[in-house]
Amino acid sequence: MNAVRLKFIELFQSEPLLVHAPGRINLIGEHTDYNEGFVMPAAIHMGVQFAFAVSQNNVSQIYSLKYNQLFNLELTNPAKVESPAWANYFLGIVNRLNAIGAPLQNFTCVFDGDLPTGAGLSSSAAMECGFVVGLNELLHLGLSRLEMVHMAQWAEHQYAGVKCGIMDQFSSMMGKKDHAFLLDCRTLAYEYLPLHLGDYELLLCDTNVKHSLATSAYNTRRSECQHGVEVLQKSFPEVTALRDATVLMLQTCQQQVPATVFNRCLFVVEENARVTEAALDLKKGDLHAFGKKMFTAHEGLSKQYEVSCPELDYLVELAIHAPGILGARMIGGGFGGCTLNMIHRNAVETFITTTATAYHARFGKTMNHYRVKPGAGATVVMNG
Ligand code: GLA
């Protein structure tokens, strides 16, 4: 946070308002959010930091410390830009703020983050959420957290082109220290779940694979699920999203859809059930049962939903055979990014060393790792 503050003072000669917005992990419930199902994410301690102040200039200025780039943003014309790509998250938010007639004033902003981009940890949601929380505070806009979640999701849809669900933005906004939460993506009702992991901790292994087709493949998965719903509805009109479907309903309609669509829908229905059961495991303190569901979820993501990649599969395979690991799976949209491991603290060091070595030998790539802690949602750190 200090680097952002110091850069801000250097560039704009005033004491800024500081905001931290976190990335997220997801313990279980992948690709269920846009099917109106359940997810169990947690915000993490890593995120994006912002410094803001009101400006008397006739343009707003945003400086990316990471890319060493300054972007001039016109509040009255927040059209999408070719470059820098990062500006689009902010332009999307300004578009929404204009749409509701928010009383905007020009501002200056510096941001930076310790979240790797493209690693499945929702750095984009952290950018959107931190930015809107900052402007809300700075300009006294009086927006609710939920309004800001929806604006952030809209920016992702319309300015980044990813038809994402609500999980990432909700997590970055609503996270709670040392807790995960069970979120119903239909009603947005949620329940914080304390993460009593005892001797276990959460370890991310980053494949460093950033799949260029991730956006289009993600949007294709969404339409495959929609296709499934349309077919199911003919026999079961009460099904308005895969959240409402059962395995039996799917089997009844199996012949009416391509095998791919059937597999996608089956995964979602099973994954959704896993989340509810996993929440009970967590409440009972049965981490072994929880971990098994993580492995099963990965299998489904890889074979049925086909959003994994050889690198992710390999890291999970190593985790299955490693001592001290209760569960592991890919997290986020897929096609690269990280695996999440629930691992005994005494096993962490050895696992990191042996896995990174094996991974490099197999793929010639570096495996990064992050020992993550569940953290708070987007927060105003200091009002300068
Ligand atoms: C991405 C999306 C989320 C969610 C996950 C998969 O992170 O942004 O909305 O769909 O993929 O669970």
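Throughout, numbering of the chain's residues begins at 1 and tracks the sequence. Computed over heavy atoms, backbone and side chain alike; hydrogens, waters and symmetry mates excluded. Atoms within each ligand, like the ligands themselves, are counted from 1 in listed order.
Residue pairs satisfying the ring pair (Phe, Tyr, Trp, His ring centres under 6.0 Å) criterion with at least one member in residues 265-295, sequence neighbours excluded, are listed as follows: F267-Y305. Listed by first and then second residue, the side chain to side chain donor-acceptor pair (under 3.5 Å) pairs involving residues 328-347 are E30-R329, D199-R345, T339-N341 (not counting sequence neighbours).
Protein residues lining ligand 1, listed by chain and number: R24, E30, H31, D33, Y34, C164, G165, M167, D168, Y218, G332, G333 [non-hydrogen atoms, distance under 4.0 Å].
The neighbour count for E238 CD, taken as heavy atoms of other residues, nucleotides or ligands under 6.0 Å away, is above 12.
The aromatic rings of F363 and Y359 sit tilted relative to each other, their planes meeting at an angle between 30° and 60°. Classification of the Y190-F170 ring pair by plane angle, with boundaries at 30° and 60°, yields perpendicular.
Through direct or indirect side-chain contacts shorter than 4.5 Å among Ile, Leu, Val, Met, Phe, Trp and Tyr, L65 is connected to V4, F8, L11, F12, Y63, L70, V110.
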